[in-house]
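Report on one structure; see the data block that follows.
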Amino acid sequence: MATNRRVSRVAELIKREVSQMLLHGIKDDRVGVGMVSVTDVDVSGDLQHAKIFVSIYGTEEAKAETMAGLKSATGYVRSELGARVRLRRTPEVIFVEDRSLERGTKVLNLLNQLQQQRSQEDSHED
């Protein structure tokens with residue numbers, strides 16, 4: 001088992017390298033359909049598995065297409081990580097779509113609507 005500090009350092013390194021690959025390395029056209037950014041990397045305690053959370057901006061079709069492109073590029077990403085990151089074993093890579101930004105935007109919109117409704121109700125009572 002690696003220490004928490006080492007796991008977080010490896011996760012940060014993977015995040016940086018995969019971000020660079022998204023910009024310059026992955027040649028699959030499907031990956032370029034939606035704007036993709038790596039939001040987080042979760043590495044297991046034994047450094048054998050890495051979940052890479054990506055945020056994709058675009059339509060639902062673009063998101064699905066981009067995820068398909070990322071899933072097909074996992075072999076390339078893993079081999080590139082093995083070359084770029086000095087680890088005894090290169091972790092298995094899994095791409096997961098991160099929808100937390102969308103959920104946050106929805107919650108903010110709902111809060112804004114509530115605030116507007118309350119201010120309208122207050123103005124009607126006066």
Closest non-hydrogen contact found for T90 with R78 is O-NH2, 2.7 Å
Do you know the tightest heavy-atom contact between H49 and P91? N-CB, 3.9 Å
So how far is it from I52 CD1 to L22 CG, rounded to the nearest 0.5 Å? 8.5 Å
According to a 4.5 Å side-chain heavy-atom criterion applied to Ile, Leu, Val, Met, Phe, Trp and Tyr, with indirect links allowed, do V93 and V85 form part of one hydrophobic cluster? yes
Please report the C-alpha distance between T66 and E97 in whole Å, then the side-chain angles of each, then the deciding distance to 0.1 Å, and finally whether the side-chain contact (heavy atoms from CB on, under 4.5 Å) criterion is met. CA-CA 10 Å; T66 302; E97 187 177 355; over 6 Å; no
Is there side-chain contact between I14 and V43, with at least one heavy-atom pair below 4.5 Å? yes
Give the cluster check for L87 versus V18: same hydrophobic cluster or not, with ILVMFWY residues linked at side-chain heavy-atom distances below 4.5 Å. yes
Quick check on the hydrophobic clustering: are V7 and I94 connected, directly or via other members, by side-chain heavy-atom contacts under 4.5 Å? no
Heavy atoms, side chains only, cut-off 4.5 Å: are E17 and V77 in contact? no
Does a salt bridge link E60 with R99, judged by any charged N lying under 4.0 Å from a carboxylate O? yes
What's the separation between atom CZ in R89 and atom CG in D46, rounded to the nearest 0.5 Å? 9.0 Å
Is a side-chain donor or acceptor of T39 paired with a backbone partner of F53 at a separation under 3.5 angstrom? yes
Minimum heavy-atom distance F95-K71, with the two atoms named: O-NZ, 3.8 Å
Residue pair V54, M67: steps toward the side-chain contact (heavy atoms from CB on, under 4.5 Å) verdict: CA-CA 9 Å; V54 292; M67 282 306 291; 4.0 Å; yes
Q20 CD to R84 CZ distance, which is reported to the nearest 0.5 Å: 7.0 Å
To check you understand the geometry: which heavy-atom pair defines the closest contact between K63 and I56, and what is its length? CE-O, 3.2 Å
Does the S19 side chain pair with the main chain of V38, one donor and one acceptor, at a distance under 3.5 Å? no
Compare all side-chain heavy atoms of E12 with those of K15 and state whether any distance is below 4.5 angstrom. yes
Within this structure, what is the CG-OG distance for the pair D40 and S55, rounded to the nearest 0.5 Å? 12.0 Å
Pairwise side-chain contact, R6 with L47, heavy-atom cut-off 4.5 Å (strictly under): yes
